[in-house]
Amino acid sequence: MVDIATRRITGAEALVRWQSAELGPISPATFIPVAEETGLIVPLGRWVLEEGCRQAARWREQGYAGLRIAVNVSVKQLYQPDFLDGVNAILEATGVAANPSLLAIEITESELMENIEASVAVLRRLKEYGLSVYVDDFGTGYSSLAYLKHFPADKLKIDISFVRDMLNDRNDYAIVATIIAMARTLELKTVAEGVEEAAQAEALRALGCDEAQGYYFGRPEPAEVFAQKWLGTPAGG
């Protein structure tokens with residue numbers, strides 16, 4: 001994620017990629033739905049969360065202070081009876097419990113709306129741990145404004161479907177502008193997903209969007225490549 005105004009790296013999103021020995025690279029669009037259907041998303045999600053925390057702690061030890069890693073969490077994970085205990089155990093084991101600002105939890109708006117009361121209760125506990133909470137794919141879940149004001153969130157991530165065509169479709173542009181203005185009123189930051197052109201980044205900056213991510217800034221890369229390419233020399237290094 002990049003601060004649109006300063007172009008400074010503010011964080012990274014942990015993404016899962018599957019390199020199969022038999023089939024080669026398999027898209028998350030293929031295997032994540034299967035993991036959701038079979039319940040494998042729960043152990044997979046826990047592994048991703050643990051690895052994300054380990055990487056965040058490693059970067060901090062290397063001197064990259066202030067870099068937050070965002071980890072996507074499935075609603076199936078969120079509603080597991082031992083989810084919060086599991087998160088707490090991972091935070092303690094990786095050392096992130098002492099620096100909770102290193103981690104953000106992302107959950108899609110549509111999943112939050114499946115059981116809004118339960119979702120809000122769990123997210124509030126995560127906030128008590130000191131973690132940040134991002135509402136992913138915002139604009140696609142038809143959330144009620146009455147509920148939105150109670151979301152214990154820090155950032156709304158504007159869905160790529162609106163950002164992609166915002167320069168060519170006045171309705172998409174209006175939706176993006178409205179989300180940014182509403183978020184500012186609610187004292188939430190906004191992140192635009194899927195930015196692929198300089199013109200999009202400039203339009204978002206003019207609208208007051210805080211951050212952005214997408215191929216215009218960089219494609220998904222292994223953690224070590226990302227650090228070498230984008231983070232520069234660590235403090236004290």
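Numbers here are sequence positions counted from 1. Keep in mind that what you see is a predicted model, and the values were worked out from it rather than measured.
- Atom CD1 in Ile69 sits 10.0 Å away from atom CD in Glu51 (nearest 0.5 Å).
- The line from CD of Glu114 to OG1 of Thr108 is 7.5 Å long, rounded to the nearest 0.5 Å.
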**Item:** Verdict with supporting geometry, Ile107 and Asp136, side-chain contact (heavy atoms from CB on, under 4.5 Å)
**Value:** CA-CA 5 Å; Ile107 186 164; Asp136 200 12; over 6 Å; no

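- When side chains are defined from C-beta on, Val163 counts as touching Val195, because their heavy atoms get closer than 4.5 Å.
- Rounding to the nearest 0.5 angstrom, the gap separating the CD1 atom in Ile105 from the CG atom in Asn72 is 9.0 Å.
- Of the residues listed (Glu193, Glu109, Glu111), the one engaging Asp137 in a side chain to side chain contact (heavy atoms under 4.5 Å, CB included) is Glu193, and it is the only one.
- Remark: the backbone N or O of Gly194 is not paired with any side-chain donor or acceptor of Arg164 at under 3.5 angstrom.
- Residues Leu188 and Val135 form no side-chain contact, since every pair of their non-hydrogen atoms from C-beta on lies 4.5 Å or further apart.
- In this structure, CD on Glu106 lies 4.5 Å from CD on Glu13, to the nearest 0.5 angstrom.
- Counted within 6.0 Å of CD on Glu224, heavy atoms from surrounding residues, nucleotides or ligands total more than 12; the atom is thus considered enclosed.
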Quick one: side chains of residues 80-93, donor-acceptor pairs under 3.5 Å with protein atoms, not counting sequence neighbours, listed by atom name and distance.
from, atom 1, to, atom 2, distance (Å)
Gln80, NE2, Lys76, O, 3.2

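- Ile179 is not connected to Met1 by any chain of hydrophobic side-chain contacts under 4.5 Å among Ile, Leu, Val, Met, Phe, Trp and Tyr, and they are in different clusters.
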**Request:** Before giving the answer on salt bridge (charged side-chain N to carboxylate O under 4.0 Å, His left out), spell out for Glu128 and Arg125 the whole-Å C-alpha distance, their side-chain angles and the decisive distance to 0.1 Å.
**Result:** CA-CA 5 Å; Glu128 289 173 5; Arg125 289 291 304 280; 3.6 Å; yes

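- Between Arg17 and Pro25 there is no side-chain heavy-atom pair separated by less than 4.5 Å.
- Residue Arg68 places its CZ atom among more than 12 non-hydrogen atoms of other residues, nucleotides or ligands, all under 6.0 Å distant.
- No donor-acceptor pair under 3.5 Å is formed between the side chain of Glu211 and the backbone N or O of Thr190.
- Looking at Gln55, its side chain never comes within 3.5 Å of a backbone N or O of Gly52 through a donor-acceptor pair.
- The structure places NZ of Lys127 at 9.0 Å from CG of Leu131, a figure rounded to the nearest 0.5 Å.
- Contact of the Pro152 side chain with the Val120 side chain is registered, since non-hydrogen atoms from C-beta on lie closer than 4.5 Å.
- Looking only at atom types and distance, the side chain of Ser74 has a donor-acceptor partner in the side chain of Glu36 under 3.5 Å away.
- Phe162 and Tyr215 are not part of a single hydrophobic cluster, where members link through side-chain heavy atoms under 4.5 Å apart.
- With Ser119 contributing its side chain and Asn115 its backbone, the two residues share a donor-acceptor pair below 3.5 Å.
- The backbone N or O of Tyr134 sits nowhere less than 3.5 Å from a side-chain atom of Asp154 that would complete a donor-acceptor pair.
- With rounding to the nearest 0.5 Å, the separation of CG in Asp165 from CG in Asp172 is 5.5 Å.
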**Request:** For the pair Lys157 and Gln213, evaluate side-chain contact (heavy atoms from CB on, under 4.5 Å) and give the outcome as yes or no after the intermediate values.
**Result:** CA-CA 10 Å; Lys157 299 188 74 173; Gln213 64 184 72; 2.8 Å; yes

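- Among all heavy-atom pairs drawn from Pro28 and Pro33, the shortest one is O-CD, 3.5 Å.
- Placement of Trp59 and Val225 in two distinct hydrophobic clusters is found when ILVMFWY residues are connected by side-chain heavy-atom separations under 4.5 Å, directly or transitively.
- Here the closest non-hydrogen pair linking Phe226 and Gly11 is CZ-O, 4.4 Å.
- Considering only heavy atoms from C-beta on, Asp210 stays 4.5 Å or farther from Lys155 through its side chain.
- Using a 4.5 Å cut-off between side-chain heavy atoms of Ile, Leu, Val, Met, Phe, Trp and Tyr, with links allowed through other members, Leu186 and Leu112 fall into the same hydrophobic cluster.
- In terms of hydrophobic clustering, with Ile, Leu, Val, Met, Phe, Trp and Tyr side chains grouped at heavy-atom distances under 4.5 Å, Val16 and Val42 are assigned to a common cluster.
- Salt-bridge annotation for Glu50 and Arg46: absent, with no side-chain N of the basic residue lying under 4.0 Å from a carboxylate O of the acidic one.
- Side-chain contact check for Glu202 versus Ile4: every heavy-atom pair is 4.5 Å or farther apart.
- With Asn99 contributing its side chain and Leu102 its backbone, the two residues share no donor-acceptor pair below 3.5 Å.
- Residues Val176 and Leu204 have side chains in contact (heavy-atom distance under 4.5 Å, counting atoms from C-beta outward).
- Considering all non-hydrogen atoms of both residues, Met113 and Phe151 come closest at SD-CZ, 4.0 Å.
- Side-chain contact between Ile9 and Phe217 is absent, with no heavy atoms from C-beta onward closer than 4.5 Å.
- Across every non-hydrogen atom of Leu207 and Ala177, the tightest pair is CD2-CB, 3.8 Å.
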**Asked** Step by step, would you call Ile158 with Phe138 a side-chain contact (heavy atoms from CB on, under 4.5 Å)?
**Response** CA-CA 5 Å; Ile158 306 169; Phe138 189 80; 5.7 Å; no

**Prompt:** Where do Ile26 and Thr30 land on the side-chain contact (heavy atoms from CB on, under 4.5 Å) test, with the steps shown first?
**Reply:** CA-CA 7 Å; Ile26 300 177; Thr30 298; 4.0 Å; yes

